[in-house]
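It should be emphasised that the depicted structure is a prediction, and the values quoted were computed from it without experimental measurement. As a basis for the values below, the full set of heavy atoms in this structure was taken, side chains included, without hydrogen atoms, waters or symmetry mates. By convention here, the first residue in the shown sequence is residue 1. As the structure lists them, so they are numbered: ligands from 1, and atoms in each ligand from 1.
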Amino acid sequence: MINSADIIYGLAWGDEGKGKIANAIAKDYDFVCRWNGGPNAGHTVYVNGKKYKTHSVPSGIFAGKKCIIGPGCVINISKMLEELRMLTMAGYDVNLVKIHPNAHIITEEHIAYDKEHLGHLGTTAQGIAPCYSDKMLRRGKRAVEVLESNWIWDGELHGNVLCEGAQSVWLDIDHGDYPYVTSSTTMPYGACSLGFSPRKINRLIGVAKIYDTKSGVDPLFPETLWNDPVLNKIIELGGEYGSTTGRKRLVNWLNLDKLRKSIILSGCTELIINKCDVLEQIGEFKLIHGNELLHFTSFESMKDYVTNIMLHISDNPIHDIKWSGDVEKI
Ligand code: IMP
Ligand code: MG
């Protein structure tokens, strides 16, 4: 029986540092699971000062937890094997990783189609949309048909389950900035596709950053942002380069209107704001609220402003806000 399911997910456009949070709390769980996406995701995690980049494997691998890749995920087999080899060489037990039989398989044709036809959307060119399209057309290949049985999950989730989101609210296929979205349900309710009911959900841990970033294209992030010297400083100090594509991410000041919306839409119970130390080191404190760019004289005054807004969302009270740095690695 599942005792409770906690969900870590992104409140913005991805790259908020979800993996870091999942890694920090994974020890308290029996399972760490992924419910959506595939090799388009890039999770950067530091363990004992060493940097690891994963794409499909849940961050629970570093804590020696059972890691389940759910039916809503898509798998690139050769990339997956590469990732498992890297983890094995680093001393982690990859036998803990199991894939749900209904997860779908990305083919060479999916990747070729993505590269040829979807570049204008700024995709990660990993074959994600074509693979999910074949799934919906009910002609896709599933994990159970192609993977060796030792990789296939045939058990049941039980105890305390941590679900680790990939991508984020504004990349959600239904609620994101369509068509500049990904092809899966990034909203935390998507985690129920792992095979538990919404009644099991306990904590909804939403992760944001103290500034906004976008990998790929989105009209909400105009090209003129590239010309702003302070935002460029944030890119460099914050290391805002795609962990899957290596592309520079467009940076903008935190949009509090969007953050408030994504908190309400997703039912966030706890908010974590990452990379605060990047702004502290740069010494410029700005955010967008009510479509206006607001300036603050210190990080403390910006923090007070955000806290006051976020703790008073009447139709979605948040229990807790955590402010976290990222330049000093966990
Ligand atoms: P796709 O998921 O490769 O189809 O890409 C669709 C959009 O989602 C593009 O704008 C990508 O940059 C974005 N995207 C996909 N995965 C991630 C991620 O893990 N982090 C940030 N952006 C992502
Ligand atoms: Mg990422």
Ligand 1 versus [X], non-hydrogen atoms closer than 4.0 Å: side chain, backbone, both, neither?
X: Thr124; answer: both
X: Arg247; answer: side chain
X: Tyr180; answer: neither

Would you say Thr123 has any N or O atom under 3.5 Å from an N or O of ligand 1, going by distance alone?
-> no
Nitrogen or oxygen of Ser215 less than 3.5 angstrom from that of ligand 1 | yes
What about His43 and Tyr52, are their ring centers closer than 6.0 Å?
-> no
Check: Tyr9 ring centre within less than 6.0 Å of Trp35 ring centre = no
Taking the side chain as every heavy atom from C-beta outward, state whether Lys79 and Gln126 have any pair of such atoms under 4.5 Å apart.
-> yes
Give the atom numbers and elements of ligand 1 that come within less than 4.0 Å of a heavy atom of [X].
X: Val181; value: 6 (C), 7 (C)
X: Gly122; value: 9 (C), 10 (O), 11 (C), 12 (O)
X: Trp13; value: 21 (C), 22 (N)
X: Asp15; value: 20 (N), 21 (C)

With Glu240 as reference, evaluate Lys248, Lys275, Lys214, Arg247 under the side-chain hydrogen bond (donor to acceptor under 3.5 Å, both in side chains) test and give the passing residue.
-> Lys275
side-chain hydrogen bond (donor to acceptor under 3.5 Å, both in side chains) with Ser215: of Asp15, Thr123, Thr245, only one passes, and it is Asp15
Without hydrogens or angle criteria, can the side chains of Asn36 and Thr185 be said to hold a donor-acceptor pair below 3.5 Å?
-> no
Would you kindly say whether His158 and Asp30 are connected by a side-chain donor-acceptor distance under 3.5 Å?
-> no
Options Lys18, Lys214, Gln167, ranked by nearest heavy atom to atom 16 (N) of ligand 1, top entry | Gln167
With respect to atom 23 (C) of ligand 1, which of Asn40, Ile173, Leu171 exhibits the smallest heavy-atom separation?
-> Leu171
Would you indicate whether Asn150, at its atom CG, is surrounded by more than 12 heavy atoms from other residues, nucleotides or ligands within a distance under 6.0 Å?
-> yes
Do side-chain atoms of Lys200 reach the backbone of Ile2 as a donor and acceptor pair under 3.5 angstrom?
-> yes
With a 4.0 Å cut-off, would you call Glu270 and Arg203 a salt bridge?
-> yes
Mind checking whether Trp13 and Phe221 have parallel, tilted or perpendicular rings, split at 30° and 60°?
-> perpendicular
Going by chain and residue number, what protein N/O/S atoms come nearer than 2.8 Å to the Mg ion (ligand 2)?
-> Asp15 OD1, Gly42 O
